[in-house]
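To start, the structure under review is shown below, and the notes come after it.
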Amino acid sequence: MNNIKTTFSIKDLENLSGIKAHTIRIWEKRYNLLEPERTETNIRYYNLASLQKLLNVSFLNNNGYKISKIAKLKRESIPLLVKEISEKSDSKENSINAFKLSMLNFDQALFYNTYESLAKEKSFKDIFYNIFIPLLSEIGMLWQTDSITPAHEHFITTLIRQKILVSTELYQSKKTNISNKTFVLYLPDNEVHELGLMYINYEIISKGYHSIFLGQSVPIDSLIDILTYYDDITFISYFTVKPEKDELLNYINEFNEKILLKGNSDFWLLGKQLEYINTGKLPNNITTYKTIESLVKKL
């Protein structure tokens, strides 16, 4: 079954562009900026070309161009003007839009070209914090509102994963442990959202620490053997959707009993699920962080 999304409702356009549906309708009626097609039941819908144009129009509007002026431009002139402005302004918004378009069109070349253009001026750290994190946040919202399919999400996250791996490998080959501390990074059972944890692994290795990256869906019992190999361990995990809120405290208590109380270990936690627990009542050797950046500063 083909679940690839190539047509969009006006609500999809609102979610993808950040422009309110009411404003889009006004721009259509007053300036003829978009030309929606209609189903047999007279419901309007938009194609990828319309979405691309809207993203470009939004970019120009945010950079000081009035809609009345944009409307007078030839259709083929709009992306050229966007490119010209973005090259001068180093716009984060334009890069994010380019990555979104690459995702929607399953266009690997556009992803790589956009990334390489950024990499000429920015470090990988800058790209991750200022481009990829906002992009992933938007993608999460788009997926929840059915504006994109799981195929779109997998496409873009796989490409970002590749960039993290390549950047990590550059430092891995220069392995220089600056202390006896070992970091063990893993995700709990049924948790698969690993990009944030992968980036933390990159930061740890880039700073010269020893890191063991175990990846997705690791049971607590599988971590016990690691205690026999290393004396000073900091475990790091990212709770995005798992454990579920009703199981969070049970999970943390089990981890404390089986891991922390048996050795000289710490446990660092991040993730949306931490909103459901009182972090102030956790054991002293468990530390929570609201952002990746705040955790990295503690390294």
Side-chain angles (χ1 to χ4, degrees), residues 128 133 136-137 139-140 143-144 150 153-154 157 160-161 164-165 168 172 177-207 209-299:
F128 188 85
I133 286 183
L136 290 168
S137 179
I139 288 171
W143 187 81
Q144 292 174 23
E153 182 186 25
H154 288 308
T157 55
I160 294 173
R161 183 180 292 109
I164 298 174
L165 287 172
T168 302
Q172 189 78 63
N177 294 339
I178 62 174
S179 75
N180 292 324
K181 179 180 288 293
T182 294
F183 291 91
V184 176
L185 288 72
Y186 81 98
L187 295 179
D189 281 331
N190 301 311
E191 177 63 79
V192 297
H193 297 81
E194 65 178 356
L195 289 184
L197 200 68
M198 289 179 67
Y199 179 78
I200 293 170
N201 184 54
Y202 157 80
E203 287 277 12
I204 290 171
I205 291 173
S206 71
K207 294 179 185 300
Y209 290 104
H210 180 217
S211 180
I212 300 173
F213 186 86
L214 299 179
Q216 305 175 7
S217 198
V218 179
I220 291 176
D221 287 344
S222 298
L223 302 171
I224 296 174
D225 287 343
I226 296 177
L227 297 174
T228 64
Y229 289 87
Y230 303 99
D231 296 324
D232 186 1
I233 303 175
T234 296
F235 292 88
I236 302 178
S237 195
Y238 213 122
F239 295 175
T240 303
V241 295
K242 298 289 182 177
E244 295 184 5
K245 61 181 180 179
D246 295 335
E247 295 296 326
L248 273 170
L249 286 179
N250 289 337
Y251 182 91
I252 291 172
N253 288 335
E254 181 183 357
F255 189 95
N256 187 44
E257 292 174 5
K258 291 184 175 181
I259 304 294
L260 299 180
L261 295 179
K262 292 185 177 181
N264 179 32
S265 302
D266 294 305
F267 194 20
W268 293 1
L269 287 171
L270 306 90
K272 186 178 179 181
Q273 293 299 90
L274 297 182
E275 297 173 1
Y276 299 113
I277 61 174
N278 184 347
T279 57
K281 294 185 177 181
L282 295 176
N284 291 333
N285 50 354
I286 298 180
T287 307
T288 61
Y289 298 89
K290 291 185 177 180
T291 65
I292 291 174
E293 194 168 12
S294 63
L295 182 148
V296 168
K297 288 180 179 178
K298 293 294 182 180
L299 293 174

Minimum heavy-atom distance [X]-[Y], with the two atoms named:
X	Y	answer
Lys262	Leu227	CB-CD1, 4.1 Å
Ser211	Ile204	CB-CG2, 3.7 Å
Leu295	Ile236	CD1-CG2, 4.2 Å
Tyr238	Leu197	CD1-N, 3.9 Å
Lys181	Asp232	NZ-OD1, 3.3 Å
Leu299	Tyr209	C-OH, 3.8 Å

Quick check: are there more than 12 heavy atoms from other residues, nucleotides or ligands sitting under 6.0 Å from [atom1] of [X]?
X	atom1	value
Asn278	CG	yes
Asn250	CG	yes
Asn253	CG	yes

Using side-chain heavy atoms (C-beta onward) and a distance below 4.5 Å, is [X] in contact with [Y]?
X	Y	result
Lys298	Trp268	yes
Ile259	Ile233	no
Val296	Tyr289	no
Leu187	Val218	no
Thr182	Ile212	yes
Val192	Val241	no
Ile200	Leu185	yes
Leu260	Asp266	no

To the nearest 0.5 Å, what is the distance between [atom1] ([X]) and [atom2] ([Y])?
X	Y	atom1	atom2	value
Phe213	Leu165	CZ	CG	8.0 Å
Ile252	Leu274	CD1	CG	6.5 Å
Asn201	Met198	CG	CE	8.0 Å
Leu282	Thr287	CG	OG1	9.0 Å
Ile220	Phe255	CD1	CZ	6.5 Å

(message) Tell me if the aromatic rings of Phe183 and Phe235 count as close, with their centers under 6.0 Å from one another.
(response)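 Judged by ring-centre distance (under 6.0 Å), Phe183 and Phe235 do not meet the cut-off.
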
(message) Pair His210, Tyr230 - check side-chain contact (heavy atoms from CB on, under 4.5 Å), show working.
(response) CA-CA 11 Å; His210 180 217; Tyr230 303 99; 3.2 Å; yes

Would you say the side-chain atoms of [X] pair up with the backbone N or O of [Y], donor to acceptor, closer than 3.5 Å?
X	Y	value
Thr288	Thr279	no
Thr157	Glu153	yes
Glu191	Thr240	yes
Gln273	Pro243	yes

(request) Over 60° means perpendicular and under 30° means parallel, so classify the ring planes of Phe267 and Phe239, tilted if in between. (result)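 Because their plane-to-plane angle is over 60°, the rings of Phe239 and Phe267 count as perpendicular.
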
(message) Using side-chain contact (heavy atoms from CB on, under 4.5 Å), reason through Tyr276 and Glu244 one step at a time and then give a plain yes or no.
(response) CA-CA 9 Å; Tyr276 299 113; Glu244 295 184 5; over 6 Å; no

(request) Inspect the contact between Glu194 and Arg161 and indicate whether a charged nitrogen and a carboxylate oxygen are less than 4.0 angstrom apart. (result)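 Salt bridge flag = yes for Glu194 with Arg161.
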
(request) Check step by step if side-chain contact (heavy atoms from CB on, under 4.5 Å) holds for Leu136 and Ile160. (result) CA-CA 10 Å; Leu136 290 168; Ile160 294 173; 3.9 Å; yes

(request) Could you list the residues that satisfy side-chain contact (heavy atoms from CB on, under 4.5 Å) with Asp189, not counting sequence neighbours? (result)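 With sequence neighbours excluded, Asp189 shows a side-chain contact (heavy atoms from CB on, under 4.5 Å) to Ser217, Pro219, given in chain and number order.
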
(request) Applying salt bridge (charged side-chain N to carboxylate O under 4.0 Å, His left out), name anything that partners Glu247, two or more places apart in sequence or on another chain. (result)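 For Glu247, no residue satisfies salt bridge (charged side-chain N to carboxylate O under 4.0 Å, His left out) once neighbours in sequence are set aside.
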
